[in-house]
Amino acid sequence: LVADVCGHGVTAAFITAMTKITFQSACQTSSDPATVLEAMNRELTANLSNGFVTVFYAVYDLQTHSLAYASGGHPPLLVHRRPEGRVLELHGQSTFLGCFAQVDFHTDTLTLQAGDRVLFYTDGLFESHRAVEPEFGMERVRSYLLSEQAREIQPLLDGMVSNLMDYMDGVAMDDDITMLGLDVLE
């Protein structure tokens with residue numbers, strides 16, 4: 001699960017804690033991503049009066065190499081098909097969690113292949129910008145994945161952060177960044 005809470009400060013910290021608790025609870029009864037997000041949304045909507053959270057939840061089956069996933073308003077998951085030299089975007093199908101009681105979430109699946117690289121992230125990665133410049137942008141993220149495909153996953157993530165910091169050129173970022181990478185080895 002990768003999640004991004006709206007806002008900053010105490011309220012955002014409270015929503016983060018609630019998101020973690022609802023996720024743990026929902027996973028007790030199901031491993032289906034859509035079912036988990038529906039349960040989380042019911043709890044968060046019932047208990048939040050302000051704020052929301054975007055989420056991307058995926059479950060990887062080591063035996064079948066199947067990635068089952070669902071999204072609640074989160075940016076698309078990136079799958080770098082390194083042997084093919086292309087980047088797939090796994091788009092979300094529903095809105096964010098915590099505001100609307102009746103939201104239909106859907107589980108989609110993708111079979112991962114040896115050499116695939118999966119990037120989970122929050123919008124702070126591509127929405128970061130300088131005062132008069134455009135956002136860092138998804139095109140830079142995709143280009144970096146393609147140009148640095150030989151790197152191991154941790155140096156790749158570290159390099160992505162360095163690339164972003166170079167782009168920001170000392171300008172303070174107004175959002176946080178979370179990234180998690182997964183390499184499919186066989």
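Since the model is a prediction, treat every value here as computed from it, not as a measurement.
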Should F23 and L97 be regarded as members of a common hydrophobic cluster, given that ILVMFWY residues are connected when their side-chain heavy atoms come within less than 4.5 Å of each other, either directly or indirectly? yes
Should I177 and M179 be marked as a side chain to side chain contact (heavy atoms under 4.5 Å, CB included) after you check the CA-CA gap, both sets of side-chain angles, and the distance that decides it? CA-CA 7 Å; I177 299 170; M179 286 190 296; 4.2 Å; yes
Using distance only, find each side-chain donor-acceptor pair of residues 113-121 under 3.5 Å and give its atom names and separation, not counting sequence neighbours.
{"from": "D116", "atom 1": "OD1", "to": "R81", "atom 2": "NE", "distance (Å)": "3.1"}
{"from": "D116", "atom 1": "OD2", "to": "R81", "atom 2": "NE", "distance (Å)": "2.8"}
{"from": "D116", "atom 1": "OD2", "to": "R81", "atom 2": "NH2", "distance (Å)": "3.3"}
{"from": "D116", "atom 1": "OD2", "to": "Q113", "atom 2": "N", "distance (Å)": "2.8"}
{"from": "R117", "atom 1": "NE", "to": "D183", "atom 2": "OD1", "distance (Å)": "2.7"}
{"from": "R117", "atom 1": "NH1", "to": "R151", "atom 2": "O", "distance (Å)": "3.2"}
{"from": "R117", "atom 1": "NH2", "to": "R151", "atom 2": "O", "distance (Å)": "2.8"}
{"from": "R117", "atom 1": "NH2", "to": "D183", "atom 2": "OD1", "distance (Å)": "3.4"}
{"from": "R117", "atom 1": "NH2", "to": "D183", "atom 2": "OD2", "distance (Å)": "2.9"}
{"from": "Y121", "atom 1": "OH", "to": "P76", "atom 2": "O", "distance (Å)": "2.4"}

Test item: side-chain donor near acceptor, S66 and D61, under 3.5 Å: no
If the threshold is 4.0 Å, N to carboxylate O, is there a salt bridge linking R142 and E89? yes
Main chain of Y144, side chain of S147: is a donor-acceptor contact present, judged purely on distance under 3.5 Å? yes
Side chains of D158 and V161, heavy atoms from C-beta outward: is any pair under 4.5 Å? no
Can you list everything that forms a salt bridge (Lys or Arg N to Asp or Glu O under 4.0 Å) with R86? Sequence neighbours excluded, please. E84
If hydrophobic clusters are built from ILVMFWY residues whose side chains come within less than 4.5 Å, do V79 and L146 share one? no
Any side-chain heavy atom of S128 sitting closer than 4.5 Å to one from M168? yes
Is there a side-chain contact between D123 and D4, using heavy atoms and a 4.5 Å cut-off? yes
Atom CE of M40 and atom SG of C27: how far apart are they, to the nearest 0.5 Å? 8.0 Å
Does the side chain of V36 come within less than 4.5 Å of F105's, by heavy atoms? no
Check whether V2 and L37 end up in the same hydrophobic cluster, where Ile, Leu, Val, Met, Phe, Trp and Tyr are linked by side-chain heavy atoms less than 4.5 Å apart. no
In the structure I gave you, are the side-chain heavy atoms of L164 and M160 within less than 4.5 Å of one another anywhere? no
Taking Y69's backbone N and O only, do any of them form a donor-acceptor pair with T107's side chain (distance below 3.5 Å, no angle check)? no
Of all the heavy-atom pairs spanning H80 and L145, show the shortest one and how long it is. CE1-O, 3.1 Å
The test is side chain to side chain contact (heavy atoms under 4.5 Å, CB included); show your working for L78 and M138 and say whether it passes. CA-CA 10 Å; L78 298 180; M138 285 304 296; 3.6 Å; yes
Kindly work out whether a path of hydrophobic side-chain contacts (I/L/V/M/F/W/Y, heavy atoms less than 4.5 Å apart) joins V87 to L77. no
Quick one: side chains of residues 48-60, donor-acceptor pairs under 3.5 Å with protein atoms, not counting sequence neighbours, listed by atom name and distance.
{"from": "T54", "atom 1": "OG1", "to": "H74", "atom 2": "ND1", "distance (Å)": "2.8"}
{"from": "Y60", "atom 1": "OH", "to": "H65", "atom 2": "ND1", "distance (Å)": "2.7"}

Are L112 and L90 linked, directly or through intermediate hydrophobic residues, by side-chain heavy-atom contacts shorter than 4.5 Å (ILVMFWY only)? yes
With distance as the sole test, does T29 use its side chain to make a donor-acceptor pair with the main-chain N or O of A26 at under 3.5 Å? yes
Residue pairs passing the ring-ring contact (aromatic ring centres under 6.0 Å, His included) test with at least one member in residues 161-186, sequence neighbours excluded, are F136-Y167
For residues 14-21, please give each side-chain donor-acceptor pair under 3.5 Å, one per line with the distance, not counting sequence neighbours.
{"from": "T16", "atom 1": "OG1", "to": "A12", "atom 2": "O", "distance (Å)": "2.8"}
{"from": "T19", "atom 1": "OG1", "to": "I15", "atom 2": "O", "distance (Å)": "2.8"}

Run the salt bridge (Lys or Arg N to Asp or Glu O under 4.0 Å) test against E186 and tell me which residues pass, sequence neighbours left out. none
